[in-house]
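Worksheet: the structure to be examined is printed underneath.
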Amino acid sequence: MLRHLIAAGLLTLNAASALAQAVAPGPTLATVRARDVLACGAHPGAPGFGVMDSRGVYRGLDADFCRAVAAATLGDAEKVRFTILTSQARLPALQSGQIDVLARTTTWTQTRDTANGLNFTAVNFFDGQGFLVHRRANVERAAQLDGATICVTSGTTNELNLADWARSNAIRINPIVFEQNDETRLAYLSGRCDAFSTDASQLAGIRSTARVPGDHVILPDIISKEPLAPAVRHGDDQWFDIVRWTLFALIEAEELGVTQANAEAMLASPNPAIRRLLGVAGDHGPMMGVDRRWAYTAIRAVGNYGEIYDRHFGPQSSVALPRGLNNLWTRGGLMYAMPVR
């Protein structure tokens, strides 16, 4: 009897392993592979998240995340086509299939997640809306902006949050709304507005582009929650899993001390969690229709989450934004990866 039970157990394990290896590509993964390039929705220019450098290379936290997904699915982080999208065009571009994933400073909201037919995968940056003001104005708190003209970009949660904040606090404001974020930035820097309101991380980036950054002050007031997350379309659970677990893999890599430089050496680690993450043990990649080394390839291409953050927001970057909520949960932040097991 025991022999039969053991045999049955082995058959079950073998069947599960074969099933994991036999998962066929779903519609989005099949399209990406047939095209041999990942189509990623991108920001026109947000320092730290996505901006063209002097050599025409798109760089930033969101840009590197798209490269990680390309590495996980196509084995090559450079097989990415960045489609520059305005705030108004970004959601329709994903809905229509123009892009495969939207990684573009997009706030996860209930309406976008349901009525707009999108699935937000996991938060890659915890943010909140604030205010940037000219130092010469001697404004120290947002409540002092009563009667001020405030620049804001249309088609964003920032526009709605600003109106809600003013109404709930009985503060009179004169919003000046622009279609493009760059138009909003230039209007503020030229003095057309008393303040600029958007996500605090972007305000830090905008201040870094000013001729004299010290002439501008980010107020301490945060008026909203802005959980920024990559999004995919409803209806393709496999693709949703791939994008979500690529982000979790980058975060877990930082938790486990796996870096871009040591990932290859870590293949020999006896740590079971590291072995699962890097594809030495288990069928975690094939379960999603990708290679066993999907996470290893992504980490080798762009590094772990902490390395990506430091590259674009760390003290040596132009933005120089402390990690705060975006630190690991073990260091007082909110970054917490679901386990690969």
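Hydrogens, waters and symmetry mates are skipped; everything else that's a heavy atom, side chains included, is used. By convention here, the first residue in the shown sequence is residue 1.
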side-chain contact (heavy atoms from CB on, under 4.5 Å) test vs E78 passes for just one of D76, L74, V80, namely D76

If you define the side chain from C-beta out and look only at heavy atoms, does anything of V123 sit under 4.5 Å from W108? yes

Any ion pair linking D215 and R136 (charged N to carboxylate O, less than 4.0 Å)? no

If we count only N and O atoms by modelled type, under 3.5 Å, do the side chains of S154 and Q88 hold a donor and an acceptor together? yes

Considering residues at least two apart in sequence or located in another chain, which fulfil the side chain to side chain donor-acceptor pair (under 3.5 Å) criterion with T246? none

Heavy-atom count around R141 CZ within 6.0 Å, excluding the residue itself: above 12? yes

State yes or no: do W165 and I176 share one hydrophobic cluster built from I, L, V, M, F, W and Y residues joined by side-chain heavy-atom distances below 4.5 Å, directly or via other members? no

D199 versus L228: any side-chain heavy-atom pair under 4.5 Å? yes

Is it possible for you to say whether V217 and V319 belong to one hydrophobic cluster, with membership spreading through side-chain heavy-atom contacts below 4.5 Å? no

Got a second to check how far C66's SG is from R104's CZ, nearest 0.5 Å? 12.0 Å

Kindly indicate whether the side chain of V32, heavy atoms from C-beta on, has any atom under 4.5 Å from the side chain of W239. yes

Taking ring pair (Phe, Tyr, Trp, His ring centres under 6.0 Å) as the definition, give me every residue that meets it alongside W294, ordered by chain and number, with sequence neighbours left out. none

Would T153 and E159 satisfy side-chain contact (heavy atoms from CB on, under 4.5 Å), going step by step from the backbone distance to the final call? CA-CA 6 Å; T153 305; E159 183 182 12; over 6 Å; no

Residues S197 and Q129: side-chain donor-acceptor under 3.5 angstrom: yes

Using the salt bridge (charged side-chain N to carboxylate O under 4.0 Å, His left out) rule, take R172 and D146 through it: C-alpha gap first, then chi angles, then the decisive distance, then the call. CA-CA 5 Å; R172 296 172 297 107; D146 190 47; 3.1 Å; yes

Output the rest of the hydrophobic cluster of F196: all Ile, Leu, Val, Met, Phe, Trp and Tyr residues reachable through side-chain heavy-atom contacts under 4.5 Å, sorted by chain and number. L132, Y188, L189, L203, I206, I218

Is there a salt bridge (charged side-chain N to carboxylate O under 4.0 Å, His left out) between E252 and R276 once you walk through the steps? CA-CA 11 Å; E252 181 148 321; R276 288 192 296 269; over 6 Å; no

Do N327 and M335 make a side-chain contact, defined as non-hydrogen atoms from C-beta onward lying under 4.5 Å apart? no

Of all the heavy-atom pairs spanning A39 and Q98, show the shortest one and how long it is. CB-O, 3.9 Å

Between T28 and D100, does any side-chain donor sit less than 3.5 Å from a side-chain acceptor? no

Under a plain distance cut-off of 3.5 Å, with no hydrogens placed, do T107 and E226 share a side-chain donor-acceptor pair? yes

Would you mind reporting whether Y309 and L321 have side-chain heavy atoms less than 4.5 Å apart? yes

To the nearest 0.5 Å, what is the distance between CG (L277) and CZ (R293)? 11.5 Å

Do the ring centers of F49 and F313 come within less than 6.0 Å of each other? yes

Using a 4.5 Å cut-off on heavy atoms from C-beta on, say whether the side chain of I299 contacts that of L278. yes

Give the cluster check for Y336 versus V243: same hydrophobic cluster or not, with ILVMFWY residues linked at side-chain heavy-atom distances below 4.5 Å. yes

Minimum side-chain heavy-atom gap T330-E255 below 4.5 Å: no

So how far is it from H43 NE2 to Q202 CD, rounded to the nearest 0.5 Å? 4.5 Å

T156 and S87: side-chain donor and acceptor closer than 3.5 Å? no

Between N124, T106, T105, which is the residue that forms a side-chain hydrogen bond (donor to acceptor under 3.5 Å, both in side chains) with D62? N124

Can you tell me if CZ on R35 sees more than 12 non-hydrogen neighbours from other groups inside 6.0 Å? yes

If we ignore angles and hydrogens, is there a donor and acceptor under 3.5 Å between the side chains of T149 and D194? yes

Under a 4.5 Å cut-off applied to non-hydrogen side-chain atoms, are N326 and Y305 in contact? yes

